Amino acid sequence: MNVLSLFDGMSCGQMALNRVGIKYDNYFASEIDKYAIKVTQHNFPNTIQLGDVTKIKSCDLPKIDLLMGGSPCQGFSFSGKQLNFNDPRSKLFFEFVRLVNECQPKYWLLENVVMKKEFEQVISNHLNVEPIKINSSLVSAQNRERLYWAN
């Protein structure tokens with residue numbers, strides 16, 4: 001199985017796959033923060049770092065079975081300025097959509113913050129599915145609700 005994780009951070013997606021026992025052959029990560037990459041490579045040295053999500057082309061990758069990510073939330077968060085897709089970081093959501101369409105993975109998962117319904121609906125319309133709201137307190141010490149879209 002080949003995994004592509006966008007906005008990979010310190011590779012929490014890889015941690016989750018390992019904890020539940022899901023085996024994968026290749027884990028491709030798109031991340032630009034040098035500190036997050038350093039942590040990932042320390043914990044998961046076989047991670048294949050791809051860098052900037054806007055530069056990834058599906059034709060340069062093998063068949064992707066699982067595509068996952070949590071696109072930047074600053075434009076959606078209630079604690080921010082509510083710029084939605086006018087925030088260049090939150091606009092990166094469309095890179096997730098592009099790669100889902102290009103790679104056509106068997107499975108995909110997108111995570112983001114709870115946001116205004118109008119922003120949520122734009123994302124849902126692009127992914128053709130409504131999100132599920134899950135509180136992180138189910139699996140961690142954090143009390144944080146998040147939205148998950150998946151096929």
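Values below: all heavy atoms of this structure, side chains included; hydrogens, waters and symmetry mates excluded. Start at 1 with the first residue, then count along the sequence. What you see is a predicted model, and the numbers here were worked out from it, not measured in a lab.
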Enquirer: Compare all side-chain heavy atoms of Tyr148 with those of Leu109 and state whether any distance is below 4.5 angstrom.
Expert: yes
Enquirer: Kindly determine whether Asn2 and Tyr27 satisfy side chain to side chain donor-acceptor pair (under 3.5 Å), including the steps that lead there.
Expert: CA-CA 6 Å; Asn2 292 312; Tyr27 189 95; over 6 Å; no
Enquirer: Any idea which heavy atoms bring Phe28 and Ile64 closest together, and the distance?
Expert: CD1-CD1, 4.2 Å
Enquirer: Report the distance from atom CE of Met10 to atom OG1 of Thr40, rounding to the nearest 0.5 Å.
Expert: 8.0 Å
Enquirer: Verify the neighbour count for atom OH of Tyr107: are there more than 12 heavy atoms of other residues, nucleotides or ligands below 6.0 Å?
Expert: no
Enquirer: Who are the side chain to side chain contact (heavy atoms under 4.5 Å, CB included) partners of Asn18, not counting sequence neighbours?
Expert: Gln14, Tyr24, Phe44
Enquirer: Please determine whether residues Val3 and Met15 belong to a single hydrophobic cluster, defined as Ile, Leu, Val, Met, Phe, Trp and Tyr linked transitively by side-chain heavy-atom distances below 4.5 Å.
Expert: no
Enquirer: What about Val39 and Leu50, same hydrophobic cluster or not, with Ile/Leu/Val/Met/Phe/Trp/Tyr joined at side-chain heavy-atom distances under 4.5 Å?
Expert: no
Enquirer: Roughly how far apart are Phe119 CZ and Phe93 CZ, rounded to 0.5 Å?
Expert: 13.5 Å
Enquirer: Return the CD to CD distance between Glu118 and Glu120, rounded to the nearest 0.5 Å.
Expert: 11.0 Å
Enquirer: Identify the heavy atoms of Ala36 and Glu31 that sit nearest to each other, and give their distance.
Expert: CB-CG, 4.1 Å
Enquirer: As an exercise, state the distance from CZ of Phe94 to CG of Asn101, rounded to the nearest 0.5 Å.
Expert: 12.0 Å
Enquirer: Same cluster or not: Tyr35 versus Leu6, using hydrophobic residues (I, L, V, M, F, W, Y) connected whenever any side-chain heavy atoms lie under 4.5 Å apart?
Expert: no
Enquirer: Is a side-chain donor-acceptor pair under 3.5 Å present for Gln49 with Gln41?
Expert: yes
Enquirer: From Arg98 CZ over to Cys103 SG, what is the distance, rounded to the nearest 0.5 angstrom?
Expert: 8.0 Å
Enquirer: Provide the closest heavy-atom pair for Asn151 versus Trp108 in the form atom of the first, atom of the second, distance.
Expert: OD1-N, 2.9 Å
Enquirer: Specify the closest pair of heavy atoms between Leu147 and Lys133, including all atoms of both residues, with the distance to one decimal.
Expert: CD2-CB, 4.0 Å
Enquirer: Is it the case that the side chains of Asn143 and Asn135 hold a donor-acceptor pair, with the cut-off being a distance below 3.5 Å and no angle test?
Expert: yes
Enquirer: Heavy-atom count around Lys106 NZ within 6.0 Å, excluding the residue itself: above 12?
Expert: no
Enquirer: Is it possible for you to say whether Ile56 and Ile37 belong to one hydrophobic cluster, with membership spreading through side-chain heavy-atom contacts below 4.5 Å?
Expert: no
Enquirer: Flag yes if more than 12 heavy atoms outside Ile32 fall under 6.0 Å of its CD1 atom; otherwise flag no.
Expert: no
